[in-house]
Amino acid sequence: MTFTSIRRPVINTPLPGPKAAELLARDRVRLSTSYMRPYPFVPDFGEGVWLTDVDGNTMLDFMAGIAVSTTGYNHPHVVAAITEQAQRFMHVCLTDYPQEVTTCLAERLIAHVARPGEPWRAFFGNSGAEAVEAAVKLARNHTGRSHIISTLGSFHGRTYGAITLTGSKTKYKRGFGPLLPNVSHIPYPNPFRPPLGSTPETCADAVLSYLEDTLFQTVIPADEVAAIIVEPLQGEGGYIVPPADFLPKLRALCDRHGILLIYDEVQAGMGRSGKFLSYQHFFEGGDVQPDIITMAKGLASGMPISCMLARESVMTWPVGSHGSTFGGNPVAAAAALATLDLLEGHVRHPGCGESLMHNAANVGDFVLGELRAMQHEFGFLGDVRGKGLFIGLEFVGTNGRADGALRDRASMAMFQRGLLNLDCGESTIRISPPLILTRNEAGVGLELMREALSSL
Ligand SMILES: Cc1ncc(COP(=O)(O)O)c(C=O)c1O
């Protein structure tokens, strides 16, 4: 299939161009040494799924600012909502004063989660890490227990609590200790690389029996565990889809021991997987309803806001015990409401069917199918996995081992052809475009990927 009639990237200069090179040199000496620069891209302006750099090179965006720009760049409905709210007031402080825009946002988010007779409440922050901190504080405060269990490969953010929970790379922790006490990690059930000597079919059982029969018997008393936190689809760790029985069995384990279940939906949530929250893919296997949910990233199309939702029966912390000066900022909340309009289909985006959530499911299925076909062409594509527009492409060497160096070359080859992409895990490229991506635009991206992979 070729997509010659529609827009394609325009590369005017060898990358980086002269202006980008100059800005990168200034960035290198004045910005924090902790910032990464996976490839030399310096944005100037965006439009839909396209980003133009300071030298006038236009790229197709398959990474959305790390799964954030849900509605693409400068969506007119979102820009109008931001402008309108900015003209009313930009800040008063939600911790002390209610504001209608944030109350509406809480109601609309809760409507995606609550079942009849099961009230929920919302706490707002500014970032994913802040939502995770809130979740951990609430879980400890509510249960009176201290231990938290997380998973290997997970990413939960960079504040002290969040990096302690994170299990993906030691670079996030080296030299920063001591971290939070009473946090343990269990393997994530990755069907492509099943842990603990298991198989793709048995990896969920293997992980949960390790927790129940080993950790709870030898290291951590189950009745001292406040919560288990898990990404229903694992993001930074490699865009991994667990087997269908994992979340139902995890929910049942938590119920047996009075442990709260926290889903970190910061990366996979907000419609990206084709459902509003990614855990909603797993109800067929049994009850998977969590006690606490964290969201951020794509919630407001790039405006900084995060939300922790919790069952009302769990949100028992006292007045004044937790808050945030900027959390739930009204301009960001207005952007989130406008993003929800598009995700839910109250406002239609041309070419994207009834809603952006449906579009993510449809276009995601198309991309997954095409990439799986490409696996026959390129033996080094060890695994293609995902749901909706949350897709991972894992690179392997001839021995089947993760090949991070090959992945890095592939990523750069895609960039040089005008396709913005991002790595994750040991050897995976994540595909996380804006959810307004059409099938034709996806086709252009796939062509660029094929060209890049052929060049390796
Ligand atoms: C699953 C998950 N949780 C939490 C975070 C932290 O979010 P933030 O960078 O906004 O603090 C991230 C960021 O990548 C994430 O992917």
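Every value quoted in this text rests on a predicted model; they were computed, and no experiment measured them. Whatever order the structure lists them in is the order used to number ligands and atoms, beginning at 1.
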I want to know if ligand 1 touches [X] in the polar sense, i.e. an N/O pair below 3.5 angstrom.
X      : value
Gln267 : yes
Ala129 : yes
Val132 : no
Asp264 : yes

Check your understanding: Judged by non-hydrogen atoms, does Lys297 sit under 4.0 Å from ligand 1?
Key -> yes

Review point. Contact between Glu236 and ligand 1, counting heavy atoms under 4.0 Å?
Key: no

Check your understanding: Is any side-chain N of the basic residue among Asp383 and Arg372 closer than 4.0 Å to the acidic one's carboxylate O?
Key -> no

Residue, atom name and distance, where the atom is the protein heavy atom closest to [atom]:
atom                    : answer
atom 2 (C) of ligand 1  : Phe155 O, 3.2 Å
atom 10 (O) of ligand 1 : Gly128 N, 2.8 Å
atom 9 (O) of ligand 1  : Arg158 NH1, 4.7 Å

Check your understanding: At a non-hydrogen distance cut-off of under 4.0 Å, which region of Ala296 contacts ligand 1 (side chain, backbone, both, or neither)?
Key -> neither

Ring geometry between [Y] and [X] (parallel below 30°, tilted from 30 to 60°, perpendicular above 60°):
X      : Y      : value
Phe390 : Tyr239 : parallel
His349 : His75  : tilted
Phe41  : Phe415 : perpendicular

Exercise for review: Pick out which of Ile259, Val288, Leu208 makes a side chain to side chain contact (heavy atoms under 4.5 Å, CB included) with Leu250.
Suggested key: Leu208

Practice item. Identify the residue among Leu437, Leu435, Thr438 that makes a side chain to side chain contact (heavy atoms under 4.5 Å, CB included) with Val49. Key: Leu437

Practice item. Determine whether the side chains of His142 and Thr316 contain a donor N or O and an acceptor N or O closer than 3.5 Å. Key: yes

Practice item. With heavy atoms of Glu231 as the reference, note each atom of ligand 1 found under 4.0 Å away. Key: 1 (C)

Revision key, fill the gap. Under 4.0 Å from one or more heavy atoms of Ser127, ligand 1 contributes atoms 10 (O), 11 (O)

Practice item. Can you measure from OG1 (Thr58) to CH2 (Trp50) and round to the nearest 0.5 angstrom? Key: 8.0 Å

Practice item. Enter the distance from Leu233:CG to Tyr263:OH here, rounded to the nearest 0.5 Å. Key: 11.0 Å

Point to revise | atom 7 (O) of ligand 1 touched by protein heavy atom at under 4.0 Å | key: yes

